[in-house]
Asks: 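Below are the structure tokens for one structure; questions will follow.
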Amino acid sequence: MFTFLHKMCHKEWTPFSPSTRTLLPPSHLPSSIPFEPKTAVILTLRGADPSLNACIEGLLNQKYRDFTIFFVVDSPTDPALTVVKKLLKASELPQNPGRKYKIIIANEHRETCSLKCNSLVHVISALDGDFSVIALLDADTQPSPNWLHQLVEPLSDPHFSATSGLRWYIPERDNFGSLIRMLWNIAAVNQMVFSQIPWGGSLAIRRDVFQKTDLLTCWSHSLSDDVPLFSVIRALNSHTLVTPSLLMVNHETCGLPAFYPWVKRQLLMAKLYHPMWICIVIQAFLLTLPILLALFLSIIGLYLRDFSLILWNFSAFCLYIFGVLGAFLIMDHNVRAYLRTQGKSIPHQTFRRLIKTLISIPLTQFVYTLAIFCIFRQKKLKWRGISYTFTAPYSVRLEKYLPYSAQTTPSAHHNTDSI
């Protein structure tokens, strides 16, 4: 996996053959004519995320021939609307005829799906027929000027019906919550690439997918917009390309109390909507087993007063942890080097952060495993101030709608479940 990411991050994208999974030359594409079909970019908003300004500015500076940005909120009083209008007013958007925008209030709130899915259904159902691609973006991303082109271009290969980027965390602060989320995401990236799990934070879908499938109906009864896409695409005998070279860096800080409900929600979506969920469970078990085994044998050694057994277990534990750290450093170094070639300012690792990362490795695996066990009986989810109950993957109920401006402590809300 580390080699795969390294290769993908250091060469231009070329499509995969679904049968052989080998790199094919991009000879089927005219080199002088970029593949840039008319695209709708949908940014669903609920509250003004800390990185919203950077996200919108990145969208407005896309080097793409013809696209329309749809800013969608579920209430006219949402504070994100003020940020959007301010930035649009200050931009030079009207000077580019191929780059347009619309602000949409999704004021019909279905009780059978999440608010994000509701907003997507609201917009896509009313789209003009000349849009060939639908692109989705999250507000906590910072798209580069070539983001949309890089995301859409793989769809020139008819083998793919959707393409997805990947998130990558390089937090500004080295608190344990941020480091644990960073480490957990590395394991998630492995799963997403090899299991073709798309990420709605940077996702492009062919328009004909909506015409050939019941994806909109699926979203109308779903909590997740991205994970169910895997089964829908597979039913078309097509593929989703998860592209490691299209990384979206997140620098936000996350506290440990905020990370735990966040990671539970990520895992819950996989449990409900991905057929390879059992692989995630097995991965978590295999990652945690060496630590649990070393702890168990150390307790046996203490009971038997066998200090050689304790020493051997401690040595094995250290070897395992340093091995994981070494693997992380290889991947992290390659990713940082790649991001710097893209013109991004990425700080170097510090000794203090490395020590805290080393400590965070066993903590990450315990929190990860605990979260997996806790979601097996979960039937309720709170997300962006809205509570949902569910009895099956597509049996969802929104308990009570509240506009984001009605939250009594919006600043605290950002620290819990908006990341």
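Owing to the predicted nature of the structure, the values given are computational and were not obtained by experimental measurement.
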Asks: Looking at Ile330, is its backbone amide N or carbonyl O close enough to the side chain of Asn334 to form a donor-acceptor pair, meaning the two atoms are under 3.5 Å apart?
Replies: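 At least one qualifying donor-acceptor pair exists.
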
Asks: Which distance, rounded to the nearest 0.5 Å, do you find between the CG of Leu223 and the OH of Tyr388?
Replies: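 Output value for this atom pair is 7.5 Å.
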
Asks: So Pro50 and His251, do their side chains get closer than 4.5 Å, heavy atoms only?
Replies: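 SC-SC contact between His251 and Pro50 ruled out.
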
Asks: When rounded to the nearest 0.5 angstrom, what distance separates CD1 in Ile180 from CH2 in Trp184?
Replies: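 If I round to the nearest 0.5 Å, the distance is 13.0 Å.
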
Asks: Assess, by modelled atom type and distance only, whether the side chains of Arg110 and Asn118 contain a donor and an acceptor separated by less than 3.5 Å.
Replies: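 Side-chain D/A pair, Arg110 to Asn118: present.
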
Asks: Could you state the interatomic distance from NZ (Lys38) to OG1 (Thr68), rounded to the nearest 0.5 Å?
Replies: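 One gets 5.5 Å once the value is rounded to the nearest 0.5 Å.
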
Asks: Would you sort out whether Leu88 and Ile103 count as a side chain to side chain contact (heavy atoms under 4.5 Å, CB included), showing the intermediate values?
Replies: CA-CA 10 Å; Leu88 291 178; Ile103 296 176; 4.1 Å; yes

Asks: Which atom pair, heavy atoms only, marks the closest approach of Leu59 to Phe67?
Replies: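 Closest pair (atom of Leu59, atom of Phe67, distance): O-CZ, 3.7 Å.
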
Asks: Where do Leu81 and Ile105 land on the side chain to side chain contact (heavy atoms under 4.5 Å, CB included) test, with the steps shown first?
Replies: CA-CA 10 Å; Leu81 206 53; Ile105 312 295; 4.0 Å; yes

Asks: Side chains of Cys279 and Phe194, heavy atoms from C-beta outward: is any pair under 4.5 Å?
Replies: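 They are not in contact (no side-chain heavy atoms under 4.5 Å apart), so the answer is no.
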
Asks: Sub-3.5 Å donor-acceptor pair from the side chain of Tyr273 to the main-chain atoms of Pro393, do we have one?
Replies: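 Present.
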
Asks: What's the shortest heavy-atom distance between Ala270 and Val227, and which atoms?
Replies: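 In this case the closest contact between Ala270 and Val227 is CA-CG1, 4.2 Å.
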
Asks: Should Lys380 and Ser387 count as side-chain neighbours, where that means a heavy-atom distance under 4.5 Å?
Replies: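 The answer is yes, as the side chains (C-beta and beyond) meet within the 4.5 Å cut-off.
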
Asks: Check the surroundings of atom CZ in Arg340: do more than 12 heavy atoms from other residues, nucleotides or ligands lie under 6.0 Å from it?
Replies: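 Buried by this count: over 12 neighbours within 6.0 Å.
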
Asks: Quick check: does any side chain N or O of Ser51 sit under 3.5 Å from a backbone N or O of Ala54, one acting as donor and the other as acceptor?
Replies: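 Side chain of Ser51 to backbone of Ala54: no pair is present.
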
Asks: Taking atom NZ of Lys379 as the centre, report whether more than 12 heavy atoms of other residues, nucleotides or ligands fall under 6.0 Å from it.
Replies: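 Yes, NZ of Lys379 has more than 12 neighbouring heavy atoms, counting only those of other groups under 6.0 Å.
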
Asks: Give the minimum heavy-atom separation between Arg65 and Pro34, together with the two atoms involved.
Replies: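 Shortest heavy-atom contact: NH2-O, 3.8 Å.
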
Asks: Between Phe70 and Phe131, what is the ring plane arrangement, given parallel below 30°, perpendicular above 60°, and tilted in between?
Replies: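 Rings of Phe70 and Phe131: perpendicular, as their planes differ by over 60°.
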
Asks: Kindly assign one of parallel, tilted or perpendicular to the pair Phe373 and Phe376, based on the angle between their ring planes and the thresholds 30° and 60°.
Replies: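 Tilted: the ring planes of Phe373 and Phe376 meet at 30° to 60°.
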
Asks: Let me know which of Leu203, Ile104, Val123, Leu137 forms a side chain to side chain contact (heavy atoms under 4.5 Å, CB included) with Ile42.
Replies: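 Between Ile42 and the candidates, side chain to side chain contact (heavy atoms under 4.5 Å, CB included) is satisfied uniquely by Val123.
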
Asks: Using modelled atom types only, decide if a donor and an acceptor are shared between the side chain of Tyr401 and the backbone of Ile386 within a distance under 3.5 Å.
Replies: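 Such a contact is absent between Tyr401 side chain and Ile386 backbone.
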
Asks: Roughly how far apart are Asn250 CG and Asp49 CG, rounded to 0.5 Å?
Replies: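 Between Asn250 CG and Asp49 CG, I get 9.5 Å after rounding to 0.5 Å.
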
Asks: Whether the side chain of Arg173 engages the backbone of Thr253 through a donor-acceptor N/O pair (distance < 3.5 Å, no angle test) should be reported.
Replies: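 Side chain of Arg173 to backbone of Thr253, a donor-acceptor pair under 3.5 Å: no, none is there.
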
Asks: Is there a side-chain contact between Arg181 and Val263, using heavy atoms and a 4.5 Å cut-off?
Replies: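 No, side chains not in contact.
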
Asks: How far does OG1 of Thr357 sit from CG of Leu363, to the nearest 0.5 angstrom?
Replies: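 Here the interatomic distance stands at 11.5 Å.
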
Asks: Would you check if the side chain of Asn61 reaches a backbone N or O of Glu57 as a donor-acceptor pair within less than 3.5 Å?
Replies: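 Yes; at least one donor-acceptor contact below 3.5 Å.
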
Asks: Do the non-hydrogen side-chain atoms of Pro171 and Cys254 ever get within less than 4.5 Å of each other?
Replies: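 A side-chain contact under 4.5 Å is absent here.
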
Asks: Tell me whether Phe296 at atom CZ has more than 12 heavy atoms from other residues, nucleotides or ligands lying less than 6.0 Å away.
Replies: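 Check fails, neighbour count at 12 or below.
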
Asks: What heavy-atom pair brings Leu179 and Arg353 nearest, and what distance separates the two atoms?
Replies: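 Reported closest heavy-atom pair: CD2-CG, 4.2 Å.
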
Asks: I'd like to check Ser202 versus Leu246 (side-chain heavy atoms, cut-off strictly below 4.5 Å). Are they in contact?
Replies: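 They are in side-chain contact.
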
Asks: Between Lys212 (side chain) and Leu236 (backbone), is there a donor-acceptor pair under 3.5 Å?
Replies: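 Judged by distance alone, no pair lies under 3.5 Å.
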
Asks: Give a yes or no answer on whether the side chain of Gln196 reaches the backbone of Met192 with a donor-acceptor pair at less than 3.5 Å.
Replies: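 Looks like no, no N/O pair under 3.5 Å.
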
Asks: If every non-hydrogen atom of Ala204 is compared with every non-hydrogen atom of Val133, which pair is closest and at what distance?
Replies: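 Distance-wise, the nearest heavy atoms are CB-CG1, 4.1 Å.
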
Asks: Considering all heavy atoms of both residues, which atom of Ser222 and which atom of Tyr394 are nearest to each other, and what is their separation?
Replies: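 Ser222 and Tyr394 have their closest heavy atoms at CB-CE2, 3.9 Å.
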
Asks: Kindly determine whether Leu43 and Cys55 satisfy side chain to side chain contact (heavy atoms under 4.5 Å, CB included), including the steps that lead there.
Replies: CA-CA 10 Å; Leu43 178 62; Cys55 178; 4.2 Å; yes

Asks: What I want to check is whether the side chains of Ser75 and Asp78 have a donor and an acceptor closer together than 3.5 Å.
Replies: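 Their side chains do not contain a donor-acceptor pair, so the 3.5 Å distance test is not met.
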
Asks: Is it the case that Ser238 and Ser161 place a side-chain donor and acceptor less than 3.5 Å from each other?
Replies: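 Judged by distance alone, the side chains do pair up.
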
Asks: With a 4.5 Å heavy-atom cut-off, do Phe230 and Ile197 have their side chains touching?
Replies: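 Answer no - side chains too far apart.
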
Asks: Could you tell me whether the side chain of Ser220 and the main chain of Leu216 form a donor-acceptor pair under 3.5 Å?
Replies: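 Confirmed, Ser220 side chain pairs with Leu216 backbone.
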
Asks: Near Phe351 CZ, under 6.0 Å, is it more than 12 heavy atoms from other residues, nucleotides or ligands?
Replies: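 Check fails, neighbour count at 12 or below.
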
Asks: With side chains defined as the heavy atoms from C-beta onward, is the minimum distance between Trp147 and Thr141 less than 4.5 Å?
Replies: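 The answer is no, as the side chains (C-beta and beyond) never meet within the 4.5 Å cut-off.
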
Asks: Leu354 and Gln349: side chain to side chain contact (heavy atoms under 4.5 Å, CB included), yes or no, with the steps?
Replies: CA-CA 7 Å; Leu354 287 177; Gln349 284 280 10; 4.1 Å; yes

Asks: For the side-chain hydrogen bond (donor to acceptor under 3.5 Å, both in side chains) test, which of Thr44, Asp74, Asp138 pairs with Lys116?
Replies: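 For Lys116, the side-chain hydrogen bond (donor to acceptor under 3.5 Å, both in side chains) test succeeds with only one of Thr44, Asp74, Asp138, which is Asp138.
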
Asks: To the nearest 0.5 Å, what is the distance between CG on Asp174 and NZ on Lys356?
Replies: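 That separation rounds to 4.5 Å.
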
Asks: Using only atom types and a distance under 3.5 Å, with no angle test, would you say the side chain of Arg46 pairs donor to acceptor with the backbone of Arg384?
Replies: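 A pair under 3.5 Å: yes.
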
